[in-house]
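Note sheet for the following structure.
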Amino acid sequence: MRAGRIAIVGRPNVGKSTLLNALVGEKLSIVSRRAQTTRYNILGILTQSDAQYVFVDTPGFQTAHGGPLNQRMNRGIKQAVGEVDLALLVVEAGRYDQRDHVVRQLVPATCPLIVAVNKIDQMADKNDLLPFLARLAGQGEFAAIVPVSATRRTQLDFLLGELRQRLPEADLLFAEDELTDRSERFLAAEYIREKVFRLIGDELPYAVAVEIERFVVDGGLRRIAAAIIVDRPRQKPILIGRAGETMKRIASEARQDMQTMFGGPVFLEVFVKVRSGWADDEQVLSKLGYG
Ligand SMILES: Nc1nc2c(ncn2[C@@H]2O[C@H](COP(=O)(O)OP(=O)(O)O)[C@@H](O)[C@H]2O)c(=O)[nH]1
Ligand SMILES: [Mg+2]
């Protein structure tokens with residue numbers, strides 16, 4: 001038996017969370033087309049007959065903005081890479097630049113680094129892949145470089161094989177049936193935040209946080225009340241939408257994710273609260289579980 005922790009790192013939007021979900025086979029980490037969707041380190045556990053992979057999904061390392069929320073996320077990444085047996089650096093097929101390099105440098109030299117070259121499905125010319133892999137190999141000491149597609153689940157078994165070889169021999173770190181260290185309450189809040197990231201345009205998603213105000217298990221039914229927290233009063237009508245349409249969609253799509261994950265019916269109420277400057281308020285950030 002081999003078992004160990006693997007940090008999934010990379011610049012924003014390369015597909016780290018999609019890859020985690022594909023590897024574990026459950027929606028543990030939220031995904032959107034926008035950078036900076038993931039704000040927390042999230043464990044995803046895959047247990048097979050001869051190995052247990054404990055993945056740690058991390059936010060994309062943010063070099064551009066220095067606010068308290070980004071500082072906490074960057075701190076989280078540094079902490080994650082300090083505590084793992086392996087690091088899995090995710091890059092996008094055909095792209096490797098300074099932003100990838102910065103993340104790569106965060107991984108301690110003693111930690112084996114495997115590269116997943118993701119999104120190979122969207123390479124316009126497949127002949128470009130080999131030269132890209134060769135160029136990448138010239139960038140430094142990588143234990144392995146594996147082209148994959150997280151959305152199409154291409155080459156994931158091969159990737160797992162490369163990871164397994166480098167995991168330490170050890171007993172299970174978590175019970176066989178454990179999937180994550182996160183609670184249903186946490187996942188519920190994240191599913192709502194994902195819908196905001198997916199359904200609302202421009203900058204608004206970055207000004208949004210979600211707080212679960214009530215989570216009651218009532219027989220097989222889960223009754224959940226959640227507040228979407230925005231920064232400014234003018235953001236409230238954008239979230240609610242014309243005749244409440246946007247809000248209805250957010251709640252209905254989030255509820256479907258919850259029902260799939262929790263395996264039972266969910267009664268969900270969602271409302272909007274204005275809390276100015278929440279993202280700069282260290283106390284609020286701590287309460288929301290950041291860092
Ligand atoms: N075409 C393609 N898109 C992908 C793949 N993996 C992820 N994506 C997309 O890339 C975007 C960012 O994904 P996400 O997992 O949130 O990236 P993260 O910020 O690195 O966690 C989303 O729109 C995903 O659907 C892939 O293998 N192929
Ligand atoms: Mg992510």
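Bear in mind the structure is a predicted one, so any value in this text is a computation, not a measurement. Read the numbers this way: they start at 1 and go in the same order the structure lists the ligands and their atoms. Numbers here are sequence positions counted from 1.
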Task: Any donor-acceptor pair under 3.5 Å from Lys126 side chain to Ile120 backbone - done: yes
Task: Inter- and intrachain pairs under ring-ring contact (aromatic ring centres under 6.0 Å, His included), touching residues 107-142, at least two apart - done: none
Open item on the list: With a 3.5 Å distance limit and no angle check, can you tell me whether Arg153 reaches the backbone of Ser149 through a side-chain donor-acceptor pair?
Closed with: no
- [ ] Note the single closest protein heavy atom to atom 25 (O) of ligand 1, along with its residue, its atom name and the distance in Å.
- [x] Val31 CG1, 4.1 Å
Open item on the list: Filter on ring-ring contact (aromatic ring centres under 6.0 Å, His included), then keep only pairs touching residues 229-278, sequence neighbours left out; what's left?
Closed with: none
Task: Under 3.5 Å: donor-acceptor pair, side chain of Asn41, backbone of Val56 - done: no
Task: For atom 8 (N) of ligand 1, the protein heavy atom that lies nearest, with its residue and separation - done: Lys119 CE, 3.6 Å
Open item on the list: Using a plain distance cutoff, I'd like to know if Ser17 has any nitrogen or oxygen under 3.5 Å from a nitrogen or oxygen of ligand 1.
Closed with: yes
Task: Heteroatom proximity flag, Gly15 to ligand 1, N/O under 3.5 Å - done: yes
Task: Electrostatic pair Lys273:Glu213 at N-O distance under 4.0 angstrom - done: yes
Task: Closest protein heavy atom to atom 26 (C) of ligand 1, given as residue, atom name and distance to 0.1 Å - done: Thr151 OG1, 3.1 Å
Open item on the list: Could you identify the single nearest non-hydrogen protein atom to atom 6 (N) of ligand 1 and state the distance to 0.1 Å?
Closed with: Asn118 ND2, 3.1 Å
Task: Closest protein heavy atom (residue, atom, distance) for atom 13 (O) of ligand 1 - done: Thr18 OG1, 3.5 Å
TODO: Under 4.0 Å, heavy atoms only, figure out whether ligand 1 is touched by the backbone of Val14, its side chain, both or neither.
DONE: both
Open item on the list: Checking a contact table here: which protein heavy atom is nearest atom 27 (O) of ligand 1, and how many Å away?
Closed with: Ala150 N, 2.9 Å
Task: Side-chain donor or acceptor of Asp100 paired with backbone N/O of Asp97 under 3.5 Å - done: yes
- [ ] Using non-hydrogen atoms of the residue, decide whether Thr37 is closer than 4.0 angstrom to ligand 1.
- [x] no
- [ ] Check which protein N, O or S atoms are less than 2.8 Å from the Mg ion (ligand 2) and report how many there are.
- [x] 2
Open item on the list: Check whether Asp181 reaches the backbone of Leu43 with its side chain - one donor and one acceptor, N or O, closer than 3.5 Å.
Closed with: yes
Task: Distance from atom 28 (N) of ligand 1 to nearest protein heavy atom, with residue and atom - done: Asp121 OD1, 2.7 Å
TODO: Please check if atom CG in Asp171 has more than 12 non-hydrogen atoms from other residues, nucleotides or ligands closer than 6.0 Å.
DONE: no
- [ ] Provide, to 0.1 Å, the distance between atom 12 (C) of ligand 1 and the closest protein heavy atom, together with that atom's residue and name.
- [x] Asn13 OD1, 3.1 Å
Task: Backbone of Thr37 reached by a side-chain donor or acceptor of Arg193 within 3.5 Å - done: yes
TODO: May I ask whether Ser32 places a heavy atom under 4.0 Å from ligand 1?
DONE: yes
Open item on the list: Tell me whether Lys16 has any N or O atom under 3.5 angstrom from an N or O of ligand 1.
Closed with: yes
- [ ] Any ring-ring contact (aromatic ring centres under 6.0 Å, His included) involving residues 200-228? Give me the pairs, sequence neighbours left out, ordered by first then second residue.
- [x] Phe197-Tyr206
Task: Arg222 side chain to Met258 backbone, donor-acceptor under 3.5 Å - done: no
Task: Sidechain N-carboxylate O distance under 4.0 Å for Arg198, Glu253 - done: no
